[in-house]
Structure formats: structure tokens, C-alpha cells
Amino acid sequence: SYTQSMMERETGMLGDRILVNGQPSPTWRVATRAYRLRVLNGSNARTYKLAWSDGTPLTVLGTDGGLLERPQARASVVLAPAQRLDLWVDLSARAVGSTLALRTMSFPVADGGLDMGGMMGGMGGMGGGRGAAMGGGAGLPLGAAATLLTLAVATRERGVAELPDRLSTFDASWTPVPSAPVRSVPMTFRMMEWFLAGRAFNGENMTEVAEDETVKAGSTHVWEFVNAGGPMGMQMAHPIHVHGRQFRVVSRTGGQSGNALREGLLDDGWMDTVLVLPQESVRIQVPFSEHRGLFLYHCHILE
């Protein structure tokens, strides 16, 4: 059931079950052929580190905004709330009766959740590594390993589907704009609230826009999201979502070198959500629309 404890209002609701198409850890009967899987992280606050159970690389075709220029083989891929993936899995060489599971791999909760410099350890944190944790009271803490979906090869089909070497020319069409103005957006925590650019969301005035949030229609800008955290070492990963536009990730700097999520980050392709890890700064290039109006941007951990 949905609850809102003080901690969940600050870090997001995790829950104790992961559902795939509305079912907990389902098994799908499949054939010896290739499949295209479209994956959406619809969780409130849970970040996944996806991998196949037998170590087969994930073949990624696309991200939030569509197809990549070329397929990518990755040992694991991190999927934050609101992010999407197109995956290709070829089962043509698998034996009938075999299984293959899509899993989320374990990672230290501090790498993707709340870290108060170890001070939360006495409050039920499920550390799994450094510091203290988000979702300590949940039945399935953030960073816990779990089977999401099992593919059971039940029938044999003939035929081979070939994956093209080039998927899209759209992905290759973008170029960095060195002259684009840069706006810094620090993400901070104080007074038990998270702030974007020093401001908290005001639900009473949905049309409130600051001067530095006003851009010229059709212009291109670089926004730098700086995950500064808060007092006592307070840190949290934030999936930042921009409405109405796709953007490109220009760079990542800072962060913890030992963060287990870093190796699974996929910043290629057009995106509308980017995960900013603790102590990181991430620059995105946004070509704003010619259409005038209001466009929301926010951390996708909605609580």
C-alpha cells in the first residue's frame, strides 16, 4: 500500500514489490527467435541496474527519445524513474526448455539513494555499502537484487532476424554548440526539503517562472545540474526530467569514482530524463521549441 512516512516524503516511495506489466516477476513463454523489448521504469523512486541472468550482454537499440545510431552491447544498463530502453534479445540459439531472466543487480544503496555520511545507520538504513540508506523500512530496499522477468523458451521457430548495423541517422544529427549559454542548476537539501536552483516547487502557483528559467523560443541552451546535496553529507541521486523537449548529455564531472551505478549509465541518444549521481555535475544541451509556453522540469522522484 502507498504510504508517506517522513523519510518517504524526502526520498520517494519504494514499496515492497516490483511489477512487470502489472505482475510480480512474471514468466513469459517465448520461441527461439529475436524479440524487441520496450522497457519503461514506472517506479516512483526505484532505480534499476538491468542485466541478463547468465551474463549475456544487453543489446540496446534506443533510449528515451528513440533509436540510437547503432546498437550497443552493455554488461548492464541503469534505468532511473521515467527512463526508457529499447532492448533486442536473440533467442534463436537457445534450447527449448531453457530460461533467461532479466534482473536488477545489487548496488550499495548510497550509490543511488540517500546518504547522510553514515549517520542514518541507526535509523534502519539498509547500507549494502557506504553510508546509510533510502528505503530502510521497505521490504525490498533500493539496490537489492531481484528477478524482474523470466523468458522461458517453450517452442522452436525457424528463421533468423538480423539486426542492422545502423539504426538511425537522427541520433547522429546533433552537434555540441560551444556558444550556447550555460545555466547552473544546483540541487540542494535544507530544512527537510530538496531545492532546484535555490527554489522549492510552489504548488499554489503553477505558472510561476523565475527570470533564469525564461528562454527565447527556438534557442539552444546548456543546463548544468549540480548535485550539491546538503548538510551532514546528505546526498541523493536525482533523475531530472524535462517536459516537452529531448536533450543530449554533454558531460559528467565529479561524483564518487567507486559508484557502482556509474558503469551502467547510458547517456547516448536523445533523452528527456537524466540521472545525476551524488556529487556529480551533468551538462545537457537543450534545443528549445519554437512554440511558446510553459514547460515543467523536475526531479522524477515526485514525493
Side-chain angles (χ1 to χ4, degrees), residues 9 12-13 38-45 47 62-68 78-86 168 170-189 193-228 236-253 265-277 280-303:
R9 285 195 296 271
M13 171 68 177
R38 287 183 163 173
V39 185
L40 157 70
N41 184 351
S43 299
N44 271 39
T47 293
T63 52
D64 301 349
L67 293 172
L68 300 174
V78 167
L79 201 65
Q83 288 187 317
R84 285 90 72 201
L85 284 176
D86 267 1
S168 170
F170 176 61
D171 183 66
S173 66
W174 88 285
T175 55
V177 180
S179 61
V182 178
R183 173 183 178 238
S184 180
V185 185
M187 298 178 289
T188 54
F189 184 83
E193 279 191 284
W194 292 101
F195 291 81
L196 276 174
R199 298 180 290 272
F201 177 67
N202 179 5
E204 296 178 358
N205 187 353
M206 296 286 288
T207 62
E208 194 172 274
V209 179
E211 184 177 350
D212 65 349
E213 294 172 324
T214 303
V215 299
K216 183 180 178 181
S219 63
T220 295
H221 289 247
V222 171
W223 284 8
E224 181 176 40
F225 292 98
V226 182
N227 197 345
M236 184 175 171
H238 297 280
I240 298 298
H241 178 57
V242 178
H243 281 225
R245 302 307 300 157
Q246 302 288 337
F247 56 76
R248 296 299 301 242
V249 176
V250 176
S251 65
R252 286 182 182 268
T253 56
L265 293 173
L266 181 59
D267 288 336
D268 296 337
W270 291 90
M271 305 171 70
D272 55 44
T273 307
V274 63
L275 183 63
V276 186
L277 297 176
E280 267 194 340
S281 294
V282 176
R283 287 192 172 196
I284 65 171
Q285 180 174 297
V286 191
F288 284 96
S289 172
E290 291 283 357
H291 299 287
R292 300 169 187 268
L294 299 177
F295 296 82
L296 190 68
Y297 73 104
H298 58 92
C299 172
H300 215 279
I301 300 177
L302 296 181
E303 287 88 358

Item checked: Of Arg245, Arg84, Arg248, the residue whose pairing with Asp272 passes salt bridge (Lys or Arg N to Asp or Glu O under 4.0 Å) -> Arg84

Specify the closest pair of heavy atoms between [X] and [Y], including all atoms of both residues, with the distance to one decimal.
| X | Y | result |
| --- | --- | --- |
| Pro181 | Thr220 | CD-O, 3.5 Å |
| Ile301 | Gly12 | CG2-CA, 3.6 Å |
| Ala197 | Val185 | N-CG1, 3.9 Å |
| His300 | Pro81 | CB-O, 3.9 Å |

Does any non-hydrogen side-chain atom of [Y] lie less than 4.5 Å from one of [X]?
| X | Y | result |
| --- | --- | --- |
| Ile284 | Val250 | no |
| Leu265 | Leu277 | yes |
| Arg283 | Val182 | yes |
| Phe170 | Trp270 | yes |
| Leu266 | Val78 | no |
| Met187 | Ile240 | yes |
| Leu79 | Val39 | yes |
| His221 | Phe288 | yes |

Does the [X] side chain pair with the main chain of [Y], one donor and one acceptor, at a distance under 3.5 Å?
| X | Y | answer |
| --- | --- | --- |
| Gln83 | Thr273 | yes |
| Asn227 | Met236 | yes |
| Arg183 | Glu224 | no |
| Ser43 | Ala45 | no |
| Ser219 | Val215 | no |
| Gln285 | Thr175 | yes |

Notebook entry, point to check: Hey, would you say the Trp223 and Tyr297 ring centroids sit under 6.0 Å apart?
Noted result: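 Centroid separation for Trp223 and Tyr297: below 6.0 Å.
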
Item checked: Trace of the side-chain contact (heavy atoms from CB on, under 4.5 Å) decision for His298 with Phe201 -> CA-CA 9 Å; His298 58 92; Phe201 177 67; over 6 Å; no

Notebook entry, point to check: Any Lys/Arg nitrogen of Arg199 or Glu193 sitting under 4.0 Å from an Asp/Glu carboxylate oxygen of the other?
Noted result: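 Glu193 and Arg199: not salt-bridged.
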
Checklist line | Value rounded to 0.5 Å, distance of OG1 in Thr47 from CG in Asn41 | finding: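 If we round to the nearest 0.5 Å, Thr47:OG1 and Asn41:CG are 6.5 Å apart.
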
Check: Quick one: CG on Leu196 to CZ on Phe225, what's the gap to the nearest 0.5 Å?
Finding: 7.0 Å

Next item on the list: Sort out for me which residue in His238, Arg252, His241 forms a side chain to side chain contact (heavy atoms under 4.5 Å, CB included) with Val274.
Entry: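 For Val274, the side chain to side chain contact (heavy atoms under 4.5 Å, CB included) check succeeds only for Arg252.
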
Margin query: Show, in sequence, the C-alpha distance, side-chain angles and deciding distance for Val282 and Val249, and conclude whether the side-chain contact (heavy atoms from CB on, under 4.5 Å) test is met.
Written below: CA-CA 7 Å; Val282 176; Val249 176; 4.1 Å; yes

Check: Any side-chain donor-acceptor pair under 3.5 Å between Glu303 and Asn44?
Finding: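 Looking only at side-chain atoms, Asn44 and Glu303 do form a donor-acceptor pair, the distance falling under 3.5 Å.
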
Notebook entry, point to check: Trp194 and Thr188: side-chain contact (heavy atoms from CB on, under 4.5 Å), yes or no, with the steps?
Noted result: CA-CA 6 Å; Trp194 292 101; Thr188 54; over 6 Å; no

Notebook entry, point to check: Around atom NE2 of His243, are there more than 12 heavy atoms of other residues, nucleotides or ligands at under 6.0 Å?
Noted result: yes

